Amino acid sequence: MEPQTFYTRRLTALHKQLKQIKKQRNLVTIAKLSIFGCMIFQLYWFISYAGLPVIFPILSIGLFILLTKTDTHIVHKQRLITELIKINQSEMDYLKGNLSPFSSGEEFLQPSHPYAADLDIFGEQSLFCHLNRTISTRGTRQLADWLLNPPTSATLIRDRQQTVDELSQQPEWCQEFRAQGTFSGSSKHDLAVLKEWQQRNNFFRHVKQTKILLYTGNILTICAWTATAVSTLHSSIALILSFSQLLIIACLLNKINRYHNQLNGFIHIISHFLPLAHLLNGKTFRSPIMKDIKNSLFASGKNALQALDSLNKIQDSLDQRGNVLVTFIADGLYMKDLHTLLRLEKWKKKHAPEINSWIESIATVDALVSMANYRFNHPDYIFPTIDTDIPLKVEAVGHPLMEGKPCVLNDFEIRHEHLLFIVTGANMAGKSTFLRTIGVNLVLALSGNVVRSKQFIFRPTALFTSMRTTDNLSKDTSYFHAELLRLKQLIDLTEKEEHTFVILDEMLKGTNSVDKLNGSLAFLKQLYKRPVAGLVATHDLALGELATEYPTHFSNVCFEITHTEEEIHYDYKLHKGISNTMNASILLKQMGLI
């Protein structure tokens with residue numbers, strides 16, 4: 001099914017569900033108000049006249065609690081549907097070219113990175129905007145890291161491809177994962193909060209003695225109220241015991257509140273992984289990566305689902321402290337707050353060491369779901385084929401960031417290592433766009449994503465570009481010096497990596513034309529001897545003579561133009577050989593500058 005058709009149908013169905021769920025919530029709200037009024041009247045009658053059996057107010061309280069839980073469930077479902085509507089609407093907007101709702105990832109941009117700045121990996125209208133749909137801070141970092149540091153392992157790349165392909169065939173499940181995860185309100189401070197909580201001291205210093213005193217008081221109070229209910233004991237004794245327990249809670253209230261506030265951030269962060277764990281546990285996967293993740297989360301003895309489920313109940317119990325009536329009754333009967341804190345500290349002792357591995361597993365799924373969404377949005381893109389011998393072979397390759405815009409597709413092949421293609425052509429003829437087309441698609445291929453091409457065969461490799469060199473006045477670095485430092489960075493990389501794909505655009509622009517040509521020739525004669533392959537764009541046609549001097553290591557391709565005195569035609573098609581047309585003078589005349 002085409003993405004736009006899917007999103008349109010999904011939106012129609014979701015709006016219908018939202019309308020129904022709102023009606024359900026209205027009915028539950030009316031029922032809650034009615035039961036609450038009845039409960040208050042019954043309690044008043046029981047305390048004032050003692051003529052009403054205690055079972056009636058107890059049943060009313062139980063029914064009110066049940067309706068409250070039902071309302072909570074309905075609210076969660078309403079929020080889920082609302083979030084799903086937002087997701088589908090944003091994807092509809094994306095297909096129309098609107099990237100504004102999506103993070104640019106500018107915080108991950110590293111000026112000294114081998115290729116990120118040159119290839120628009122981050123920033124406005126960047127590759128990250130197209131890819132990123134993560135719902136957790138760690139997931140966002142994971143996705144960014146895969147783009148910045150893609151693997152050179154063919155096995156890992158193929159495993160990611162298989163996982164992305166599998167998840168892309170389940171768009172409803174991926175959307176629910178995103179919607180459920182959005183409720184967590186993840187922020188960049190989450191990991192710090194989790195680490196701080198893991199290192200925090202416990203609430204109780206003497207747990208065993210606390211339990212003895214707590215359970216003794218609870219038993220006495222519950223027994224007293226039971227005896228009162230069957231009319232064998234006067235209610236004053238039960239009331240005294242309950243008020244005694246409430247007094248203990250009151251004395252500890254400030255400490256409990258401080259502890260609760262400190263833990264609240266942690267509990268809300270970690271407990272929101274529960275619906276994601278439920279989604280993963282209820283799904284069967286074929287891909288090795290997803291199978292490994294499920295095993296890490298749900299292996300016997302360390303089951304994240306059971307642990308998070310119990311934590312979620314603890315969180316619900318703490319959150320109910322906001323309901324004054326329920327808290328008053330529960331603390332008066334069995335000091336519920338203290339029991340909840342005991343449960344929390346028992347949970348912490350047992351599961352705290354596993355938290356980081358759970359977060360890592362969920363973050364990996366988060367990043368993979370984003371990649372699957374990208375694959376779903378581009379059904380005409382393909383998964384590249386890995387070949388350990390051919391550096392690159394592409395057919396009808398286009399720039400992924402030019403989706404929805406006129407884009408000329410080209411074929412290109414680098415047959416072996418130690419081969420550099422010299423790319424020449426007139427201004428605005430398409431040289432830089434072609435270089436970025438190859439570079440961005442290579443980043444997608446290496447990270448396990450689909451690419452915009454009819455055929456894309458590549459070898460896992462390191463990638464290096466030099467296209468947007470800038471000076472740095474704060475570091476007293478001139479433009480030419482910055483270029484030299486960039487080329488030094490390339491040489492250092494080739495000494496560490498087994499294979500490097502190189503993309504250079506107009507080398508040594510910061511010096512005079514003669515020096516530029518001589519320096520470029522000398523550098524390229526040294527570069528091809530290293531384990532490299534790639535592209536070098538230039539206006540220095542003399543660099544094309546390298547193909548004559550070193551025919552097995554250099555080859556020429558170009559972008560040509562046709563023109564008259566008044567008009568220039570660009571076909572943006574890659575041709576063999578050296579360009580023989582230029583357009584600077586024509587453009588100057590057209591703009592009235594000469």
Side-chain angles (χ1 to χ4, degrees), residues 385 387-397 408-426 429-439 441-442 453 455-467 483 486-487 490-491 493-495 497-509 513-561 571-582:
T385 302
D387 190 304
T388 55
D389 297 321
I390 301 176
L392 186 68
K393 182 179 180 180
V394 299
E395 181 182 348
V397 67
V408 176
L409 307 180
N410 280 292
D411 302 340
F412 180 68
E413 180 180 4
I414 299 182
R415 296 175 298 280
H416 57 81
E417 196 153 75
H418 307 290
L419 177 58
L420 297 170
F421 276 76
I422 307 299
V423 186
T424 55
K431 300 189 301 298
S432 297
T433 298
F434 176 70
L435 265 57
R436 290 192 175 90
T437 296
I438 297 298
N441 278 297
L442 259 178
S453 187
Q455 182 187 56
F456 197 100
I457 301 172
F458 77 107
R459 178 177 61 193
T461 177
L463 174 62
F464 185 91
T465 66
S466 182
M467 304 178 71
E483 287 187 292
R486 190 70 178 170
L487 296 179
L490 167 58
I491 295 302
L493 183 66
T494 61
E495 291 177 351
E497 298 292 343
E498 185 178 358
H499 306 290
T500 302
F501 195 95
V502 180
I503 299 176
L504 305 177
D505 191 3
E506 208 61 55
M507 297 165 50
L508 306 178
K509 294 186 290 290
S513 58
V514 175
D515 205 24
K516 172 188 173 185
L517 175 60
N518 292 335
S520 297
L521 285 168
F523 181 78
L524 291 177
K525 288 178 182 180
Q526 295 300 316
L527 182 63
Y528 83 82
K529 299 175 185 178
R530 296 175 176 272
V532 302
L535 296 155
V536 180
T538 182
H539 284 102
D540 288 324
L541 302 185
L543 288 183
E545 298 174 5
L546 287 168
T548 303
E549 187 176 355
Y550 305 95
T552 59
H553 301 299
F554 292 92
S555 187
N556 292 307
V557 290
C558 65
F559 288 89
E560 292 286 25
I561 62 170
D571 65 6
Y572 303 111
K573 295 295 293 185
L574 192 65
H575 303 274
K576 291 182 179 180
I578 302 173
S579 173
N580 56 23
T581 54
M582 295 292 147

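Bear in mind that the values here come from a model prediction, so they are computed numbers and not experimental data.
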Quiz item: Is the Lys NZ or Arg CZ of R459 less than 6.0 Å from the centre of F501's six-membered ring, within 45° of the axis?
Solution: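 Not flagged: R459 not positioned over aromatic ring of F501.
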Test item: [X] side-chain N/O and [Y] main-chain N/O as donor-acceptor pair under 3.5 Å:
X	Y	result
N410	V394	no
D387	D389	yes
K576	C558	no

Quiz prompt | For E545, all residues meeting salt bridge (charged side-chain N to carboxylate O under 4.0 Å, His left out), sequence neighbours excluded | solution =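 Checked E545 against salt bridge (charged side-chain N to carboxylate O under 4.0 Å, His left out); zero matches.
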Quiz item: Which residues satisfy the salt bridge (charged side-chain N to carboxylate O under 4.0 Å, His left out) test with K393, sequence neighbours excluded?
Solution: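 Salt bridge (charged side-chain N to carboxylate O under 4.0 Å, His left out) check on K393 returns nothing, list empty.
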What distance do [X] atom [atom1] and [Y] atom [atom2] have between them, rounded to the nearest 0.5 Å?
X	Y	atom1	atom2	answer
F464	T500	CZ	OG1	9.5 Å
T552	H416	OG1	NE2	6.0 Å
L435	T465	CG	OG1	9.0 Å
K509	H539	NZ	NE2	10.5 Å
L543	T424	CG	OG1	9.5 Å
R486	M507	CZ	CE	13.0 Å

Exercise. Identify, with sequence neighbours excluded, every residue that meets side-chain contact (heavy atoms from CB on, under 4.5 Å) alongside F554.
Key: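 Expected list: L420, I422, L524, Y528, L546, A547, Y550.
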For [X], check side chain to side chain donor-acceptor pair (under 3.5 Å) against everything at least two apart and list the hits.
X	value
E560	S579, T581
D505	S432
H499	E417

Any idea which heavy atoms bring [X] and [Y] closest together, and the distance?
X	Y	result
H418	K529	CE1-O, 3.4 Å
V423	K431	O-CD, 3.8 Å
I414	A533	CG2-CB, 3.9 Å
H575	D571	NE2-OD2, 3.2 Å
L574	D411	CD2-O, 3.7 Å
L409	K573	O-NZ, 2.6 Å

Practice problem: Quickly, which of I438, V502, L392 forms a side-chain contact (heavy atoms from CB on, under 4.5 Å) with L535? Name it, please. | Solution: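 When I438, V502, L392 are each tested with L535, the side-chain contact (heavy atoms from CB on, under 4.5 Å) holds only for I438.
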Practice problem: Give the C-alpha distance, both sets of side-chain angles, the deciding distance and a yes or no for side chain to side chain contact (heavy atoms under 4.5 Å, CB included) between L490 and L504. | Solution: CA-CA 10 Å; L490 167 58; L504 305 177; 4.3 Å; yes
Self-check item: side chain to side chain contact (heavy atoms under 4.5 Å, CB included) between L508 and L487, worked out
Solution: CA-CA 9 Å; L508 306 178; L487 296 179; 3.9 Å; yes
Quiz item: Do the side chains of E506 and K516 get nearer than 4.5 Å, heavy atoms only?
Solution: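 Yes; the side chains approach each other to less than 4.5 Å.
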Quiz item: Does the side chain of F523 reach to within under 4.5 Å of the side chain of I491, using non-hydrogen atoms?
Solution: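 In short, these two side chains touch, coming nearer than 4.5 Å.
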Quiz item: Take atom CD in E413; do more than 12 heavy atoms of anything else shown fall under 6.0 Å from it?
Solution: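 Yes.
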Quiz prompt | Derivation and outcome, side chain to side chain contact (heavy atoms under 4.5 Å, CB included), residues T433 and Y572 | solution = CA-CA 9 Å; T433 298; Y572 303 111; over 6 Å; no
